[in-house]
Amino acid sequence: MACDQYSCSLTAPVLDLATGRVHLADIWAKTPPLTTRAAQLYASWVTFQGYLFPTSAKDCKFTGNFFYNYMMGIEFNPRIGKWFDFKLFFNGRPGIVAWTLINLSFAAKQRELYGHVTNSMVLVNILQAIYVLDFFWNETWYLKTIDICHDHFGWYLGWGDCVWLPYLYTLQGLYLVYHPVQLSTPHALGVLLLGLLGYYIFRVTNHQKDLFRRTDGRCLIWGGKPRSIECSYTSADGQRHRSRLLVSGFWGVARHFNYTGDLMGSLAYCLACGGGHLLPYFYVIYMAILLTHRCLRDEHRCANKYGRDWERYTAAVPYRLLPGVF
């Protein structure tokens, strides 16, 4: 509504409402309406996600709070039959694909309105498409992320994957439709290099951990034998297990350096839009909050899991995201 009616201004609608120049009903009246049919379909789909009919009773977690159960999900891996896994499908297919399609549609709209596509729009499309292609190329790796491994599937993941991701991750393209930005060559090259460097750190950091796990440490990282911290933990069934935490390569720089690369890429998307407006920077602000929260969640879980071994690991790698800062 802000972009369509106020050229993406965030303050103008607030001022108009505060001074009485317009009423919320006036703004709402110009917004595409919610149809009865759409409401019925959406309500049915979301209600179905409550898994009133779980596929595996052992896979369920009831807290006694209906709203928490609905929001966070009851079943860990709900399925229909042998082939359709809800979590895997919604985590990677509708929203991720829509991200690219919506970005391309914004580029087409910019060309329709102005007769050309700006270099900033090209940068946003290329850098974000690299991330999407990486997702599908390394989809097996993504199955090991915290969303898949530890979160149940409910409204939180379903709505986030199908609504939040495709609509909010494409704000840069939307902004550039209303405010086309043609960057200088040095600015454009700087954004491209920052985005590619962020992607390189993100991908190589994750590859190093995956390689270490797949080979049980019998590999080379940065040309040398990888170092690790030996850990032990007790699983829910009372069995004692051993594990190793990597402290070589990028994992010796910071405990979540893959997130650092992700944030560098996120900043590049936003910088491609110039510095004239706050709206395009929503993405990097949101990602900073999300990844910091995810980092703390993961570390809390690891501290409980590994105990004193985790303290040894944090002593060896003292920083979470930014060496010398955090």
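One is the number of the first residue; the rest follow in order along the sequence.
Between Ser228 and Leu245, every side-chain heavy-atom pair lies at or beyond the 4.5 Å cut-off. Ile201 is not listed as a side-chain neighbour of Asn258, based on a closest heavy-atom distance of 4.5 Å or more. Residues Leu174 and Leu279 fail the side-chain proximity criterion, which asks for heavy atoms closer than 4.5 Å. Looking at heavy atoms from C-beta onward, Phe282 lies in side-chain contact with Leu168 at the 4.5 angstrom threshold. Counting heavy atoms from C-beta on, the side chains of Arg213 and Arg244 never come closer than 4.5 Å. At least one side-chain heavy atom of Val177 sits less than 4.5 Å from a side-chain heavy atom of Met121. When side chains are defined from C-beta on, Trp251 does not count as touching Ile221, because their heavy atoms never get closer than 4.5 Å.
A salt bridge between Arg294 and Asp298 is absent, with no side-chain N of the basic residue lying under 4.0 Å from a carboxylate O of the acidic one. Electrostatic pairing of Lys87 and Asp85 does not count as a salt bridge here, judged by no charged N lying under 4.0 Å from a carboxylate O. Using a 4.0 Å cut-off between charged nitrogen and carboxylate oxygen, Arg203 and Asp134 count as a salt-bridge pair. The pair Arg308-Glu311 fails the salt-bridge criterion, with no side-chain N (NZ, NE, NH1 or NH2) lying under 4.0 Å from an Asp/Glu carboxylate O.
A donor-acceptor pair is defined here as one N or O able to donate and one able to accept, closer than 3.5 Å; such a pair exists between the side chain of Arg312 and the backbone of Glu230. In this structure a side-chain-to-backbone donor-acceptor pair under 3.5 Å is present from Asn119 to Leu183. Glu75 contributes no side-chain N or O that, together with a main-chain N or O of His152, makes up a donor-acceptor pair within less than 3.5 Å. Side chain of Asp210 to backbone of Asn206: no donor-acceptor contact under 3.5 angstrom is found. Gln172 places no side-chain N or O within 3.5 Å of a backbone atom of Cys273 that could act as its donor or acceptor partner. Side-chain atoms of His277 do not come within 3.5 Å of backbone N or O of Gly275 as any donor-acceptor pair. Although no hydrogens or angles enter the test, the distance criterion places a donor-acceptor pair under 3.5 Å between the side chain of Asp26 and the main chain of His23. At least one donor-acceptor pair closer than 3.5 Å links the side chain of Arg255 to the backbone N or O of Val317. Between the side chain of Thr170 and the backbone N or O of Tyr167, at least one donor-acceptor pair lies under 3.5 Å. When atom types are taken as modelled, the side chain of Thr260 and the backbone of Leu321 share a donor-acceptor pair closer than 3.5 angstrom.
Once rounded to the nearest 0.5 Å, the distance linking CG of Leu157 with CE of Met71 reads 9.5 Å. The distance from the CG atom of Leu113 to the NE2 atom of His116 is 11.0 Å, given to the nearest 0.5 Å. Note that the CE atom of Met287 and the CG atom of Asp262 stand 4.0 Å from one another [nearest 0.5 Å].
Inspection of the Ser7 and Ser9 side chains reveals no N or O donor paired with an N or O acceptor under 3.5 Å. Under the 3.5 Å distance criterion, with hydrogens and angles disregarded, no donor-acceptor pair is assigned to the side chains of His241 and Thr234. Counted by atom type alone, Asn103 and Asn125 present zero donor-acceptor pairs between their side chains at under 3.5 Å. His256 and Glu299 are linked by a side-chain donor-acceptor pair at a separation below 3.5 angstrom, with hydrogens and angles left out of the test. For the residue pair Arg242/Ser232, the side-chain donor-acceptor check at 3.5 Å is not satisfied. Between Tyr286 and Trp164, the side chains place a donor N or O and an acceptor N or O closer than 3.5 Å (distance only, hydrogens not considered). Neither side chain, Asp309 nor Tyr233, offers a donor N or O lying under 3.5 Å from an acceptor on the other.
By the neighbour-count criterion of 12 heavy atoms within 6.0 Å, atom CZ of Arg240 is densely surrounded, having more than that number from other residues, nucleotides or ligands. Atom CZ of Phe326 is surrounded by more than 12 heavy atoms from other residues, nucleotides or ligands within 6.0 Å. Within 6.0 Å of CZ in Arg21 there are more than 12 heavy atoms belonging to other residues, nucleotides or ligands. With a 6.0 Å radius and a threshold of 12 heavy atoms from other residues, nucleotides or ligands, Tyr68 has its OH atom at or below the threshold.
The ring pair (Phe, Tyr, Trp, His ring centres under 6.0 Å) test with Phe202 is passed by exactly one of Phe250, Tyr259, Phe257, Tyr131: Tyr131.
Using cut-offs of 30° and 60° on the angle between ring planes, the pair Phe153 and Phe86 is tilted. By the 30° and 60° cut-offs, the orientation of the rings of Tyr283 relative to Tyr169 is perpendicular.
Taking every heavy atom of both residues into account, Ile285 and Leu278 meet most closely at CD1-CD1, 4.3 Å.
At least one test fails for Lys305 against the ring of Trp310: distance under 6.0 Å to the centre or angle within 45° of the axis.
Leu101 and Ile126 fall within a single hydrophobic cluster, where Ile, Leu, Val, Met, Phe, Trp and Tyr side chains are chained together by heavy-atom contacts under 4.5 Å.
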